[in-house]
Amino acid sequence: MIGETRILGHGREASEALARSIEAAKTHSPLAPVTVVVTSNFAALAARHLLGSGRVGAGVGIVNVSFVTPVELATLLATGQLADSHPLTNPVLGAAVRRVLAAETGPLRRVAAHVATETALAALYAELSRISDEARARLTAAGGRAGEAVRIHAAVQAELDGFHAETDVADAAAGRADLETALASFGHVIWYLPEPLPPALRRLVTRVIEVAPSTVLVALTGVPEADFAVLETCRAAGVAVPEDAGTGIEVVVAPHVISVTDADEEVRAVVRRIATLAEAGTRLDRMGIFFPRPDPYVRIVRRQLVAAGFPSHGPSPERLADSAAGRTLLAALALPHQRWRRDRVMALVSGAPVRNGDAKTRPATWEDLSRRAGVVRGLDDWRRKLDAHVQRIDAELTVSASAQEDPDVNRERWQTRLEREKADAEALGRVVEDLAAAVARVEMARGWYEK
């Protein structure tokens, strides 16, 4: 049940209200559980950092305070409710879309084999799955492209029998008969800065704040057009908000607009503005940089802030593929398509921290050894030629052990070198087999998802 609803402005006012609500929920015990429902993981991270820093509130902290998005809330509450179906993943959805396109006789039949068609229909399915049945019925009645989109959505849905998506998870969580018991461990629930939600997630949040002791903190801009969707979402969820909500909130507007030539100059102008504000006494944690899309702004902003000597916190410009682990994984998955060419395998083991059990790897030695063994491409080629190389070394060791001692040859050193080369050949063979097994497991998982 909703104990308190507060209408406030964005920024520090909202953060301080969240701190006070958490403090009130922990009146009887500092370890009392509190769950804050936020719009995104980034909002959760920002709130957690601010509350943990002690810069807002009375230093109540974030002990036993959980931050969850509506999707995460649905996942937690739906545990065990959908045991008879599998989660819908992107590979499964892609396979379903391809099956529908393979049987397509409508307007999309000419482009059914194009990868962009599959991508667009997968995105269309996700979008139409979030709207209500009534809305899809209106689109069908409208006919034309809208009706065609709903028809394809229904066809894809028919292929996904036995799989559950985000909407199914939210409905399963909201429909729990023991929801009150399931929410007991969540403690006091705070719906922090509500935003428009898909119907299924909105129904879930509505049920949660009806059952659990709750507080709703609604942040508005003071501009009716901008606040309309937020207020409608709150009213649909049963939150009592007055008709004149937001009238007392100060409207924040940009004092001026700067026109420049390109993204680099945009960021330079922003950095100059930050320097001006910092010199005037504005704290850096009270400033934020927002840009329309990650590329190219993430890299440019980070680079120019570092050059100017300003500390910053935000999205990293580095992708997983830019890391050693990401590059190694992608290179390993590409080996079957490259027919396990010797130069590609050697590039992988030379450019990544590949392990040989507990022993050190010897990429330079392996490069020379694989060349002398005559490896070209293909797993069979690797196995056959490395095995033949090991057999040649064994033969040399046998001859060396049985031959009379040559005063010009240090037989002990010769045998040591041969034994080390044999160990290197066997280690290289094990690494190649391990890579092949790992790639095979990934391919098997991919094939299972696409069935």
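Quick caveat: nothing in here was measured; it's all calculated off a predicted structure. Because only heavy atoms are used, hydrogens play no part in the values below, and waters and symmetry mates are left out as well, while side chains stay in.
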Gap separating the CD1 atom of Ile289 from the CZ atom of Arg302, nearest 0.5 angstrom: 10.5 Å
Measure the OG1-CG distance between Thr206 and Leu197 for me, rounded to the nearest 0.5 Å. 8.5 Å
Should the heavy atoms of other residues, nucleotides or ligands under 6.0 Å from CZ of Arg12 be counted, would the total exceed 12? yes
Do Phe186 and Leu76 have side-chain heavy atoms sitting under 4.5 Å apart? yes
With side-chain contact (heavy atoms from CB on, under 4.5 Å) as the test, would you mind laying out the steps for Glu72 and Asn41 before giving the verdict? CA-CA 10 Å; Glu72 292 169 341; Asn41 288 320; 3.1 Å; yes
Carboxylate-amine/guanidinium proximity below 4.0 Å for Asp381 and Lys385: yes
For Ser214 and Val208, the nearest pair of non-hydrogen atoms, with its separation, is OG-O, 4.1 Å
Provide the closest heavy-atom pair for Arg203 versus Asp171 in the form atom of the first, atom of the second, distance. NH2-OD1, 2.9 Å
For residues Ile274 and Leu284, determine if any side-chain heavy atom of one lies less than 4.5 Å from a side-chain heavy atom of the other. yes
Side chain of Arg202, backbone of Ala237: donor and acceptor closer than 3.5 Å? no
Does a donor on one side chain sit under 3.5 Å from an acceptor on the other, for His10 and Thr221? no
Is a side-chain N or O of Thr117 found less than 3.5 angstrom from the main chain of Ala113, in a donor-acceptor match? no
Shortest non-hydrogen contact from Ala308 to Val271? CB-CG1, 3.7 Å
Can you confirm whether Glu243 sits close enough to Leu231 that some side-chain heavy atom of one is under 4.5 Å from a side-chain heavy atom of the other? no
So, Ser350 side chain and Ala347 main chain: donor-acceptor pair closer than 3.5 Å or not? no
Evaluate the criterion salt bridge (Lys or Arg N to Asp or Glu O under 4.0 Å) for residue pair Glu148 and Arg151; output intermediate values, then yes/no. CA-CA 5 Å; Glu148 187 68 16; Arg151 180 188 67 80; 2.3 Å; yes
Is there a side-chain contact between Arg344 and Arg377 in this structure, where contact means two heavy atoms from C-beta onward sitting under 4.5 Å apart? no
With no hydrogens and no angle check, just 3.5 Å: does a side-chain donor-acceptor pair link His188 and Thr35? no
Identify the heavy atoms of Ala17 and Leu8 that sit nearest to each other, and give their distance. CB-CD2, 3.3 Å
Minimum-distance pair of heavy atoms, taken over all atoms of Thr328 and Leu348: O-CD1, 3.9 Å
Over 12 foreign heavy atoms within 6.0 Å of CG, Asp161: no
Electrostatic pair Arg384-Asp387, nearest N-O below 4.0 angstrom: no
Rounded to the nearest 0.5 Å, what separation is found between the CD atom of Glu180 and the CZ atom of Arg207? 9.5 Å
Could you tell me if the side chain of Lys26 sits less than 4.5 Å from the side chain of Asn64, heavy atoms only? yes
If I compare all heavy atoms of Val230 with all of Pro196, which pair ends up nearest, and what's the gap? CG2-CD, 4.3 Å
Worked verdict on Val349 versus Met346 for side-chain contact (heavy atoms from CB on, under 4.5 Å): CA-CA 5 Å; Val349 300; Met346 287 297 100; 3.9 Å; yes
Would you say Trp191 and Ile2 make side-chain contact, with heavy atoms under 4.5 Å? no
Crowded around Asn90 CG? As in, over 12 foreign heavy atoms under 6.0 Å? no
Hey, are Arg235 and Glu232 close enough for a salt bridge, meaning a charged N less than 4.0 Å from a carboxylate O? yes
Identify the residue among Val100, Thr140, Leu128, Leu124 that makes a side-chain contact (heavy atoms from CB on, under 4.5 Å) with His153. Leu128
Are any side-chain N or O atoms of Arg136 and backbone N or O atoms of Ile131, one a donor and one an acceptor, separated by less than 3.5 Å? yes
Side-chain donor/acceptor of Arg293 to backbone N/O of Asp295, under 3.5 Å: yes
Does the distance from a Lys or Arg side-chain N to an Asp or Glu carboxylate O, for Glu104 and Arg109, drop under 4.0 Å? no
Beyond-backbone contact of Leu428 with Trp382, side-chain heavy atoms, under 4.5 angstrom: yes
If you count the non-hydrogen atoms of other residues, nucleotides and ligands that lie under 6.0 Å from CZ in Phe42, is the total more than 12? no
Within 6.0 angstrom of Glu4 CD, more than 12 heavy atoms from elsewhere: yes
Hey, is the main chain of Ser129 close enough, under 3.5 Å, to the side chain of Thr167 for a donor-acceptor pair? yes
Any non-hydrogen side-chain atom of Asp168 less than 4.5 Å from a side-chain atom of Phe163? no
side-chain contact (heavy atoms from CB on, under 4.5 Å) between Glu166 and Val169, intermediate numbers included: CA-CA 5 Å; Glu166 176 186 295; Val169 173; 5.7 Å; no
Does a salt bridge link Arg303 with Asp264, judged by any charged N lying under 4.0 Å from a carboxylate O? yes
Does a salt bridge link Glu433 with Arg430, judged by any charged N lying under 4.0 Å from a carboxylate O? no
Closer than 4.0 angstrom, basic N to acidic O: yes or no for Glu265 and Arg272? yes
